[in-house]
Amino acid sequence: MPSLRFQVVSDAFKKHPLYVQSPKERPSEFFAKYVFNKQKMAKYLDKDTYSKMLDVIDNGSPLDRQTADKVADGMKQWAMELGVTHCTHWFQPLTNTTAEKHDAFVEHDGMGGMIEEFSGKSLVQQEPDASSFPSGGIRSTFEARGYSAWDPTSPVFVMGDTLMIPTVFISYTGEALDYKTPLLKGLQAINKAATAVVQYFNPEVKKVITNLGWEQEYFLIDEGLYSARPDLLLTGRTLMGHSSAKDQQMDDHYFGAIPERVAEFMKDLEIHALELGIPCKTRHNEVAPNQFELAPIYEECNLAVDHNMLIMSLMQKVARKHGFRCLLHEKPFDGINGSGKHNNWSLATDTGILLHGPGKDDLGNLRFITFVVETLMGVYKHNGLMKASIMSATNAHRLGGHEAPPVIISSFLGRQLTEVLNHFENSTDDTIYIAGKAGLKLDIPSIPELLIDNTDRNRTSPFAFTGNRFEFRAPGSEANCAAAMITLNAAVAEALVNFKERVDALIASGKEKTSAIIEILREDIKTCKPIRFDGNGYSDEWKEEAKRRGLDVEKSCPLIFDRYTDPETIKMFESLNIMNRKELAARNDIKWETYTKKVQIEARIFGDLSINHIIPQVVGYQTKLAENVAALKAILPEEQFSKVAQSNLSLISEISERIKVIEEGCEALTNARRVANKITSNREKAIAYHDTVEPIMDQVRYHIDKLEEKVDDEVWTLPKYREMLFMR
Ligand code: ADP
Ligand code: MG
């Protein structure tokens with residue numbers, strides 16, 4: 001009987017024509033339809049409350065109870081007009097997903113009936129039971145309380161019948177249990193540090209904001225095929241599977257025509273996203289088959305993080321409507337590109353982007369160089385921590401592969417900016433030299449004149465300057481962007497504070513301001529030189545070179561997490577009031593625990609599949625071969641038989657040998673787990689899983705993939721790479 005796989009595969013190749021009805025309005029008309037933004041506030045709040053809210057949102061003023069009540073009233077009215085019946089605080093625990101607990105608007109009316117109620121108190125604060133969220137031991141089990149508090153800088157929105165209120169999530173003793181709390185504190189820290197430095201150049205600047213434009217990569221796979229792969233279902237990636245004869249070697253997928261079914265999905269997703277105020281802009285095929293990307297217009301960092309969390313959950317929901325599963329894992333398929341989430345980061349004042357160079361005026365240019373150099377200083381000093389901020393059990397499979405940033409943080413500046421810094425470093429006078437943007441005329445009619453960006457491209461760099469921003473390319477596709485942003489903002493804030501202290505000291509000693517700035521910048525350009533690397537980040541020479549330069553070259557995920565509790569890290573986060581020693585230690589405990597659990601689940605399902613899928617089907621095939629050999633022996637003369645049966649006989653013994661390796665490997669896997677599970681320290685346990693459990697899976701997989709190549713296609717139960725990777 002042919003395996004179930006054939007049914008699933010043939011279903012997958014039938015089209016699912018789920019055409020999306022385009023809304024009648026234009027995107028500009030339905031954009032943010034479900035968001036309680038300033039426009040809605042102006043309509044649903046009285047004048048006084050509205051202006052108080054603006055002060056809360058724009059200047060961080062405290063929100064009093066009376067105003068909160070009035071805001072809640074306006075929100076309730078707006079929400080009920082949309083048919084909303086429930087509300088929830090929406091927060092980001094340390095699990096890479098979001099959490100919500102819905103409460104209905106209803107209350108007793110005291111006369112045996114019910115009324116719709118939504119008070120300022122339920123808007124501002126809730127007390128979800130925190131005991132089931134990771135806390136790294138901060139909150140002992142008998143003190144299970146935590147509370148969530150409204151973040152008014154991220155607007156409230158409606159999903160289905162629920163009013164969603166973005167909140168921070170904090171333990172009762174005040175420690176952060178989420179990503180948003182330290183993110184907001186870090187944004188405050190960089191605002192303060194950067195504003196102080198910008199004021200050297202533009203004294204009227206009051207505020208510096210951080211922008212984030214993420215690019216989200218993902219895979220789509222047919223739902224039926226997904227369901228027939230227990231490894232994908234439980235771990236988000238395939239743990240076995242021979243590579244497809246054709247995958248990405250023809251370079252025919254990147255920017256190729258988007259398959260019809262996928263285009264329908266994207267259209268649907270974008271409509272939902274736009275309605276929720278996510279400014280979707282770009283969509284395209286990525287390099288690997290079935291891999292795609294979505295990028296919005298950049299936004300203020302906190303809002304951009306919320307929008308990324310929201311889009312990830314939307315993607316999964318909308319995908320199912322279209323008969324797909326959306327894979328956000330960083331490496332769902334071995335041997336082809338994995339998925340990342342490029343974080344385009346920049347600083348801006350109330351008057352313009354700070355990393356925008358080169359301007360016409362000298363002071364503007366000096367400001368530009370200051371921010372580039374101090375960004376590099378932060379990233380250089382904390383390069384190991386930057387890596388820790390994006391590291392995870394899943395992203396570890398992608399980093400250092402031949403398509404993803406290497407496991408060493410360095411920065412690519414492009415030729416022109418490199419020349420500027422070199423010139424600056426070596427010149428002896430105080431003149432500043434910056435090359436302007438070069439205009440390139442293309443000699444083809446009807447193509448408009450293009451302005452070459454001041455940066456060339458280097459795809460191998462984890463932290464590249466790209467014209468008016470830095471692009472941090474190492475974050476993983478399923479991660480919360482906040483982790484990377486907390487560290488980057490803190491590192492740059494610290495560098496700016498430090499820069500200002502030294503400049504001020506020179507000024508105090510009588511030096512003229514501009515000369516003082518130039519002197520310190522010259523010093524810093526020399527100091528942070530080791531982080532600058534414009535060559536091929538994938539090469540082996542770079543690994544050696546990086547080690548010589550003193551950059552962090554650690555590859556083991558659990559050991560990379562150690563950077564979070566280094567003395568310089570603790571000093572940085574504590575001095576900027578972002579996180580304290582206790583929170584950092586607790587968060588690391590969660591990281592190690594999560595790492596262990598992920599590998600543990602992989603190892604278990606790997607063992608199961610090997611024993612109850614792979615070996616039985618392979619043995620079945622081997623029996624068939626043996627029967628054939630016996631039949632040949634019965635009818636053929638001896639010397640003819642040995643010639644004819646040769647290939648089957650050697651396949652029979654190859655199968656036996658590989659089965660033996662697989663069985664022994666699975667036993668070794670179980671034993672390694674058993675030993676590791678006895679370890680009580682989360683750090684040591686994660687190290688054991690990394691060093692002793694993971695490598696066995698790789699070794700055994702090799703033999704399974706070889707068998708997939710040899711065994712009759714008809715008996716193979718798991719959908720193959722060539723079936724999963726090509727959408728029609
Ligand atoms: P590419 O793939 O070439 O890097 P994309 O167009 O896919 O470019 O994505 C660029 C991302 O960078 C978008 O999200 C865009 O909004 C964002 N971006 C552009 N300028 C800035 C900036 N100054 N600060 C932050 N993000 C920016
Ligand atoms: Mg990019």
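Note that ligands are numbered from 1 as they come in the structure, with each ligand's atoms numbered from 1 the same way. As the structure is a computational prediction, the values presented were derived from the model and not from experiment.
A salt bridge links Lys180 with Asp306: the closest approach of a Lys/Arg side-chain nitrogen to an acidic carboxylate oxygen falls below 4.0 angstrom. Under 4.0 Å is where a charged nitrogen must lie from a carboxylate oxygen, and between Lys529 and Asp524 no such pair does. A salt bridge links Asp58 with Lys38: the distance from a Lys NZ or Arg NE/NH1/NH2 to an Asp or Glu carboxylate oxygen falls below 4.0 Å. Contact check on Glu270 versus Arg283 returns a salt bridge, with a Lys/Arg side-chain nitrogen under 4.0 Å from an Asp/Glu carboxylate oxygen.
The ring of Trp90 has its center closer than 6.0 angstrom to the ring center of Phe157.
The N/O atoms of Trp345, backbone and side chain alike, include none that comes under 3.5 Å of an N/O atom in ligand 1. Of the N or O atoms in Asn344, one or more lie within a sub-3.5 Å distance of an N or O in ligand 1. Not one N or O of His284 is nearer than 3.5 Å to an N or O of ligand 1, by distance alone.
Not a single heavy atom of His342 sits closer than 4.0 Å to an atom of ligand 1.
With a 4.0 Å cut-off on non-hydrogen atoms, Glu471 touches ligand 1 through its side chain and not its backbone. Heavy atoms of Glu293 found under 4.0 angstrom from ligand 1 belong exclusively to the side chain. Here Ile297 has backbone heavy atoms under 4.0 Å from ligand 1, and that is the only part of it that gets that close.
Considering Lys381, Lys543, Lys387 as possible partners of Asp552, the one that fulfils the salt bridge (charged side-chain N to carboxylate O under 4.0 Å, His left out) test is Lys387.
Which parts of ligand 1 touch Asn468 is read off a 4.0 Å heavy-atom cut-off, strictly below it: atoms 20 (N), 23 (N).
Taking each of Cys301, Pro296, Ala464, Ala295 in turn, the one with a heavy atom nearest to atom 15 (C) of ligand 1 proves to be Pro296.
A 6.0 Å sphere centred on NZ of Lys192 holds no more than 12 heavy atoms belonging to other residues, nucleotides or ligands.
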